[in-house]
Amino acid sequence: MIVFSTSDKGGTGRSVTSCNIAYRLCAGGRSVAYLDFDFGSPTAGALFEIGGVEQGVPEKGLHSYLTHGSEPVARVDIRAATDRPALRNIRSRTGQLVLFPGDEGGAEFNGIDDETDAVVGRCITLLAALEQEFDVAVVDLSAGRSLAMELALRATASPHLSSATVRWLVFHRWTRQHILAASGLVHGHHGLLAGAALWGHDKKKFLENLRYVRTAVPRLNKSVDGVYRGAQAAWLTEQNAALKALASRHLIGATSLLGETPVEPVLQWREQVILDTDVANKIANPETAAAFDELTARLIDTEYWEQF
Ligand SMILES: Nc1ncnc2c1ncn2[C@@H]1O[C@H](COP(=O)(O)OP(=O)(O)OP(=O)(O)O)[C@@H](O)[C@H]1O
Ligand SMILES: [Mg+2]
């Protein structure tokens, strides 16, 4: 399975949530590849706490591979390379967790023009190989209507990947601006759906394989400092209802939702993988780990995806 993580806005929680999903897939025994397709800001190494790879690798990263075909493409065994002992020691029956980092000082593609076919071809080759080697390949794209997005759409339209299960996750915060932006990314001009149709995907099938993830959603019944009461509680309930109505009107309501994550103080302070030990030590909230577990379970639950 190939999973593309995208968002319209930056800073939505796309990378942190995707890393946590990748970790939980691996802890559940699956082999997982994590591809940093955020070419302009390849910081996945930092999330997995891999010293020296926090901002990508000096050579043979994904950008070099796609633009010049430099091989073999760099790969980092996350459990062997992480500086975080508890992540090194996760139990996993069979699961590998491998990072395919971007290039240090990498740049967004300027526009894939003359070289387009070659870049798309390399992307197809890589994704097809990783789809065979791993149970799940998670691809973290850049925010917005990026060339990484175009590349993903074009590569997955290829007959070489026609038998692969491909899913899209669109991340957004639980605010008016983010709801409109996420909906626009999918349904708007030059959006994902238009791009999918342009590159030969079936629109209906494409949408059936796309879900939204709401990140850092504040809880109504409990603030960081205590419990909401009176006018404040009433206002928040009203705003939440208004956001739900807005999301439904913009086609990103409950029926197209994969799930949501609560506001997590650990993640507000530090981008990282939330481990069971963080919860056991009462550093991270159990609700956050449960939310990541639910997202992970749903992502690979065929019945869940077939009910739509
Ligand atoms: N559930 C959460 N609660 C609190 N903070 C969160 C939560 N999820 C993510 N964050 C924080 O939000 C910030 C942005 O997250 P992240 O870097 O994953 O977003 P992104 O969409 O990948 O951003 P970019 O577009 O810059 O790549 C980070 O500091 C992250 O730790
Ligand atoms: Mg990111």
Side-chain angles (χ1 to χ4, degrees), residues 3-24 34-50 53-56 61-63 84 87 99-109 138-149 152 168-175 177-179 181-182 184-186 192 211-220 222-225 243 252 257-275 278-279 283-296:
V3 180
F4 292 105
S5 292
T6 186
S7 62
D8 190 56
K9 295 204 164 284
T12 56
R14 182 183 74 250
S15 303
V16 160
T17 312
S18 301
C19 282
N20 274 280
I21 291 174
Y23 156 69
R24 275 163 202 277
Y34 191 96
L35 282 71
D36 196 345
F37 264 44
D38 192 347
F39 302 116
S41 178
T43 51
L47 297 168
F48 290 113
E49 300 178 53
I50 302 170
V53 186
E54 288 95 342
Q55 291 170 285
L62 285 172
H63 194 268
R84 197 153 176 222
L87 182 55
L99 170 66
F100 290 80
D103 290 85
E104 224 171 69
E108 237 336 321
F109 287 106
V138 178
V139 185
D140 184 10
L141 300 174
S142 337
R145 292 156 176 76
S146 63
L147 276 145
M149 176 181 114
W168 286 78
L169 301 183
V170 179
F171 293 81
H172 67 88
R173 299 259 167 167
W174 193 224
T175 69
Q177 215 185 173
H178 274 258
I179 289 168
L185 177 70
V186 177
L192 266 174
R211 293 287 180 280
Y212 299 87
V213 180
R214 299 172 186 168
T215 58
V217 178
R219 280 185 290 166
L220 282 177
K222 211 162 99 186
S223 76
V224 179
D225 310 317
L243 289 176
I252 68 171
L257 183 70
L258 186 74
E260 58 183 40
T261 65
V263 173
E264 168 55 59
V266 168
L267 299 179
Q268 270 178 336
W269 284 84
R270 189 169 193 274
E271 298 84 359
Q272 67 168 66
V273 174
I274 302 274
L275 301 169
D278 298 320
V279 177
I283 302 292
N285 288 322
E287 292 83 359
T288 310
F292 287 142
D293 272 339
E294 183 168 280
L295 288 172
T296 307

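Bear in mind that the values here come from a model prediction, so they are computed numbers and not experimental data. Counting starts at 1 for both ligands and their atoms, in listed order.
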Query raised in the report: With distance as the sole test, does N20 use its side chain to make a donor-acceptor pair with the main-chain N or O of S15 at under 3.5 Å?
Result: no
Report task. Could you tell me whether a side-chain N or O of R173 sits under 3.5 Å from a main-chain N or O of G11, the two making a donor and an acceptor? Result -> yes
Requested in this report: Could you tell me the residue and atom name of the protein heavy atom closest to atom 3 (N) of ligand 1, and the distance to it rounded to 0.1 Å?
Outcome: E264 N, 2.8 Å
Query raised in the report: Under 4.0 Å from atom 27 (O) of ligand 1, do we find at least one protein heavy atom?
Result: yes
Report summary line: atom 22 (O) of ligand 1 sits nearest the protein heavy atom S15 OG, 2.7 Å
Report summary line: closest protein heavy atom to atom 29 (O) of ligand 1 is E271 OE2, 2.8 Å
Requested in this report: Would you please indicate yes or no on a ring centroid separation below 6.0 angstrom for F48 and Y34?
Outcome: yes
Report summary line: heavy-atom search around atom 9 (C) of ligand 1 in the protein gives G13 CA, 3.8 Å
Query raised in the report: Do any N or O atoms from the side chain of T6 and from the backbone of L141 form a donor-acceptor pair under 3.5 angstrom?
Result: no
Query raised in the report: Looking only at protein heavy atoms, which one is nearest to atom 12 (O) of ligand 1, and how far off is it?
Result: R173 NH2, 2.7 Å
Query - Student check: side-chain heavy atoms of L258 and L169 closer than 4.5 Å - result: yes
Query raised in the report: Are any of the N/O atoms in R14 less than 3.5 Å from those in ligand 1?
Result: yes
Report task. Give the residue and atom name of whichever protein heavy atom lies nearest to atom 1 (N) of ligand 1, and the separation in Å to one decimal. Result -> P262 O, 2.8 Å
Query raised in the report: For V263, is the nearest heavy atom under 4.0 Å from an atom of ligand 1?
Result: yes
Query raised in the report: Sub-3.5 Å donor-acceptor pair from the side chain of D278 to the main-chain atoms of A284, do we have one?
Result: no
Query - CD/Q55: more than 12 non-hydrogen atoms of other groups inside 6.0 Å - result: no
Query raised in the report: So, do V186 and Y212 sit near enough that their side-chain heavy atoms are less than 4.5 Å apart?
Result: yes
**Report entry** Backbone of V273 reached by a side-chain donor or acceptor of R84 within 3.5 Å
**Finding:** yes
Query raised in the report: Do you know which of T261, V263, L243 makes side chain to side chain contact (heavy atoms under 4.5 Å, CB included) with W174?
Result: L243
Query raised in the report: What protein N/O/S atoms sit under 2.8 Å from the Mg ion (ligand 2), by chain and number?
Result: S15 OG
Query - Side chain, backbone, both or neither: the part of D38 lying under 4.0 Å from ligand 1 by heavy atom - result: side chain
Report task. Below 4.0 angstrom from a heavy atom of Q268, which ligand 1 atoms are there? Numbered from 1 as shown, please. Result -> 4 (C), 5 (N)
Query - For atom 18 (O) of ligand 1, closest protein heavy-atom neighbour - result: V16 N, 2.8 Å
Query raised in the report: Does even one non-hydrogen atom of G11 get within less than 4.0 Å of ligand 1?
Result: yes
Query - E49 side chain near L87 side chain, heavy-atom distance below 4.5 Å - result: no
Query - Protein contact to atom 6 (C) of ligand 1 [nearest heavy atom, distance to 0.1 Å] - result: L267 CB, 3.6 Å
Query raised in the report: How does T12 reach ligand 1, by side chain, by backbone, by both or by neither, if only non-hydrogen atoms under 4.0 Å count?
Result: both
Requested in this report: Taking the side chain as every heavy atom from C-beta outward, state whether R14 and V170 have any atom pair closer than 4.5 Å.
Outcome: no
Query - Side chain proximity check, N285 to P265, heavy atoms < 4.5 angstrom - result: yes
Query raised in the report: Within the side chain of D36, is there an N or O that forms a donor-acceptor pair under 3.5 Å with the backbone of T43?
Result: yes
Query raised in the report: Hey, is T215 one of the residues with a heavy atom under 4.0 angstrom from ligand 1?
Result: no
